[in-house]
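Written below as structure tokens is the structure these notes are about.
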Amino acid sequence: MEKYIPEKIEKKWQRFWEEKGYFEVDTRDTSRKFYALVMFPYPSGTLHVGHCRNYIIGDALVRYKKMQGFRVLSPMGWDAFGLPAENAAIKEGIHPWEWTRKNIQVLKRQLHSLGAGYDWKREITSCLPEYYRWTQWIFLKLFEKGLAYRKEAPVNWCPSCKTVLANEQVVDGKCERCGAEVIIKEMEQWFLKITQYAEELLKDLDLLPNWPEKVKVMQRNWIGKSEGVEIYFRLKDIQWEKGKILPVFTTRVDTIFGATYVVIAPRHPLLKEILKAVDEKKKKEIEEFLNRWRSTVKKAGEEVEKEGVFTGVYAINPVNDEEIPVWVGNYVLYEYGTGAIMAVPAHDQRDFEFAKRYSLPIRVVIQPEGETLDPSTMECAYEEPGIMVNSGKFSGLKSEEGKKKIALWMEEKGIGKRSVCYALRDWLVSRQRYWGAPIPIIYCEKCGIVPVPEKDLPVLLPQNVEFLPTGESPLKFVPEFLNTTCPKCGGKAKRETDTLDTFVDSSWYYLRYVSLEKDKPFEPEVVNKWLPVDQYIGGVEHAILHLLYSRFITKFLRDIGWVNFPEPFQNLFTQGMVVKDGAKMSKSKGNVVSPDELIEKYGADTLRTYILFMGPPEKDVEWDDRAIEGEWRFLNRYWRKAEEIREWEIKEGEVKIENLSEGGRKLFRRVHRAIKEVTQDMEDFRFNTAIAKLMELLNDIYALTPKNEEDRKALKFAILNLTLLLHPFAPHVTEEVWERLGNKPSIMDQLWPRYEEKYLAEEEITVVVQVNGKLRGKFTAPPDADQDFLKEKALSLPVVQKYTEGKEIKRIIVVRNRLVNVVTE
RNA sequence: GCCGAGGUGGCGGAAUUGGUAGACGCGCAUGGCUCAGGACCAUGUGGGUUAAGAGCCCGUGGGGGUUCGAGUCCCCCCCUCGGCACCA
């Protein structure tokens, strides 16, 4: 009997799989295809066991699907552009590519040592020109369709990373990457018009029943659809681009009769006209306010004191022709709705605070049922539904009903129309950094903004650059890059020096994996057959960012005819974090657990099995250094038993049930049951319980002392099936055992085992006996015994007689194959 | 504040969806093997009561309810985690 030495066998099988190309797939053959994808990593430093969970889940799935006869595509690559590489360049003087390349080597080694199988012929590295050339191509397509554009807008600026950030990259007012407080700046930047797809991105979430509800809810929140009414206020004495009309958006049109003033955003274009029209004193007052507003540092996600100033002009409420003042206020966003609001202080807390501060009138138009609100004593706005009052012919209606009626009435009268607003903003994609794909745009003195012609792609990122975090792209200081000629007129021109957000890189990589073409981003014919991805696996931290952007880009590519499906990821699984001492693993906290030492000590199979056994894969789990011993023991026990059985040199042949001992029959049935249950667990991603059942099966194997040759055959049958079922979790040791038991490698060529229905039933069933719902005893019975038999048997038990003595038996509940409950008075 | 997920032994976690709560594993205890330790093997392990066993009582965040029977269903409350939040 040989000892189990993982070190010896794991290297052997990793080499075997690689040499025989076990994970390579020809995508031109689309029969029985299964596209399994784990989110490609950003290559920073080394993997810890938390990252490993992702790849282990993915690999278990890949192997399981392969054994089910699917042609599984399992690619891997590197999300290789990004700030950490550039920061390393600034700090350590190492070139971002050098740093990235080294990290890729480390990660690759680690993935190999886990035994994770990938088609390395399809490796993607997003920072290499052969890839980012096509990222730039997508940008040009977006530009061509008017979906990539420049605008000046308030943007998120990270003072530490010295670059702008997308809204999605600001978490709690802080930079998602470095944690610094993000401030709002007015800047001209490149945006992608994701808002054009807002409705579809929202609606098509319904096409994704197998996405976690949590993720869909987050996306819905983020898109933030609101249905309401755009109301046209008439301006008194003043005109602007929309004539005398000032549209405002509200979701509470039922409160329109309570509007006592109107507020426009500081950036609202009407303000320019107002400044022209009003007298000097007023003008000064407004400008003072605007200057104060401009000079305050606005932190992202921070609520500021509501301030504003009366503009001197009036608007007319179209429902009652009332003249109300137009204010400008810092709490109104230009980016949302129409950039102007009607203020109903009695029924909106924000307006209420503003009205209190400036002593503006408060008028109640919604009364809670059975109560009377008094504006002079109200301490906060009443925002709930209620009965409408002071609302002309709508008074007396329930507010929810009034909302609908007023909207229709306004449309009839032409003083408003129903409208929809989204909280989603366009995606800011320019970054003032070096380590990203250059934006393929040229600024010509004569022709203005000119896209780089497709044939000139890629716009190469220059190699020799000085890395100084100045707040401007380092490319600005590379004259050979910066200065160019206009593709249109041939005149002097300058290149765009900002680079693309790395989320642009990752928004389409899953398409390229299936078809790595030289002269195009991918071959649509192949992509349309392999996509959508059958199973996508990754962290929930991308619930909004990457997953929303990818959905957007897919829809765009569909609209320009490059793909024919609306959603890129049919099924999504988000795994939970592995935490240590209650916190996310991170270098700064010093609580990272490296897979390397664990693999050295126990082998990859033990680590893989343990990580999957720890708990349900979608939930966070606490890492425990000691508990991994359990899996080490399990695999050793498995190995020893397999060796013992090997030494019996059992002849081939089917197990003959009639020749088995009672214990042998029991084990034989347990094997069938294990196949059934483990298969179901695999389908449901319940790897933890699948492994628990395999441990039980091994315990059952150990429980049988063979009475005859047939029993020994049953044991071999059991260990072979256990080997097959265990393979997705512990691929190396199962390959080795499979071979040592006299079979031809690879075990992956075997079909996943099947169970037979007739062997699932137990020979004997334990029936529980309750008296008044309390467990009092049990007995055994043959399966499917009839009710009367069970009733009789239960009543004959001495315990039951003890508890029912002198009492009337009211009812007896019999649940077949399960229990008898005797109910007394 | 709103939305979502969750609360089960000393610990990680199971529970056929209303039917033996605590599978499986860690840890712990006792015994075996060993010069010894480790490894390994066997047995036990929710709490209380008891010399021990049997027995009995309690027990799935708290309180109430439905039911022959509730971790599971309903109502109220508490706590933890995640997301959103001047979005009109």
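Chain A is the first sequence line, chain B the second, and so forth, proteins listed ahead of strands; every chain is numbered from 1. Values below: all heavy atoms of this structure, side chains included; hydrogens, waters and symmetry mates excluded.
As rounded to whole Å, 7 Å separates atom C1' of B/G82 from atom CE of A/M218. Between the CD atom of A/E696 and the P atom of B/G22 there is a distance of 13 Å, rounded to whole Å. Put simply, CG on A/N772 is 8 Å from P on B/G69, counting in whole angstrom units. Atom OH in A/Y336 sits about 3 Å away from atom P in B/A88, given to the nearest Å. Going from atom CG of A/N688 over to atom P of B/G25 covers 14 Å, rounded to whole Å. One can place CZ of A/F249 at 15 Å from C1' of B/C86, the figure rounded to the nearest angstrom. In this structure, A/E213 atom CD and B/G6 atom C1' are separated by 16 Å, rounded to whole Å. With rounding to whole Å, A/Q575 atom CD is found 15 Å from B/G82 atom C1'.
Annotation: of the two residues near RNA chain B, A/R811 and A/N636, the 5′-most nearest-nucleotide partner is A/N636. Toward the 5' end of RNA chain B, the nearer of the two residues A/E305 and A/K774, judged by each one's closest nucleotide, is A/K774.
Residue contacts shown for A/V217 are limited to sugar-phosphate atoms, with no base heavy atom under 4.0 Å away. At the heavy-atom level, A/D351 lies nowhere under 4.0 Å from the strands shown. Using a 4.0 Å heavy-atom distance criterion, A/N699 is classed as a sugar-phosphate-only contact. Looking at heavy-atom distances under 4.0 Å, A/K810 makes no contact with the nucleic acid at all. Residue contacts for A/V344: at a heavy-atom cut-off of 4.0 Å it reaches no nucleic acid atom on any strand shown. Counting any heavy atom pair closer than 4.0 Å across all strands shown, A/R686 reaches no nucleic acid atom. The residue A/A627 sits close only to the backbone: its heavy atoms come under 4.0 Å of sugar-phosphate atoms, none of a base.
Across B/G19 and B/C11, the matching C1' atoms stand 29 Å from one another, rounded to whole Å. Annotation: B/G10 and B/G62 have their C1' atoms spaced 23 Å apart (nearest Å). Distance noted for atom P between B/G38 and B/U49: 32 Å (whole Å).
Between the side chain of A/K693 and the base of B/C24, no donor-acceptor pair under 3.5 Å is found. Side-chain atoms of A/R818 and base atoms of B/U16 include a donor and an acceptor less than 3.5 Å apart. Taking 3.5 Å as the limit, the base of B/C68 and the side chain of A/N821 contain a donor-acceptor pair of atoms between them.
The shortest distance between the side-chain N/O atoms of A/Y803 and the OP1/OP2 oxygens of B/C56 is below 4.0 Å. One finds a side-chain N or O of A/R776 lying less than 4.0 angstrom from the OP1 or OP2 phosphate oxygen of B/C56. OP1 and OP2 of B/U16 both lie 4.0 Å or more from every side-chain N or O belonging to A/N817. For B/C26, one of the phosphate oxygens OP1 or OP2 lies less than 4.0 angstrom from a side-chain nitrogen or oxygen of A/R633. A/R673 has no side-chain polar atom (N or O) that falls below the 4.0 Å cut-off from OP1 or OP2 of B/U16. Proximity of A/T689 to the phosphate of B/G13: no side-chain N or O atom is located under 4.0 Å from OP1 or OP2.
The backbone N or O of A/F257 sits less than 3.5 Å from a side-chain atom of A/R363, completing a donor-acceptor pair. Remark: side-chain polar atoms of A/D426 are not paired, donor with acceptor, to backbone N or O of A/F191 under 3.5 angstrom. A donor-acceptor distance shorter than 3.5 angstrom exists from the side chain of A/D681 to the backbone of A/A690, with no hydrogens or angles considered.
For B/G64, the base adopts the anti conformation, since its glycosidic angle falls more than 90 degrees from zero. Taking 90° from 0 as the syn/anti boundary, the base of B/U8 is oriented anti.
Taking the six-membered ring where the residue is Trp, the centroids of A/W623 and A/Y610 are separated by under 6.0 Å. Ring to ring, A/Y261 and A/F354 are close: their centroids are under 6.0 angstrom apart. The aromatic ring centres of A/F685 and A/F573 sit less than 6.0 Å apart.
Each of A/V253, A/I415, A/I341 was scored for a side chain to side chain contact (heavy atoms under 4.5 Å, CB included) with A/I231, with one residue passing: A/V253.
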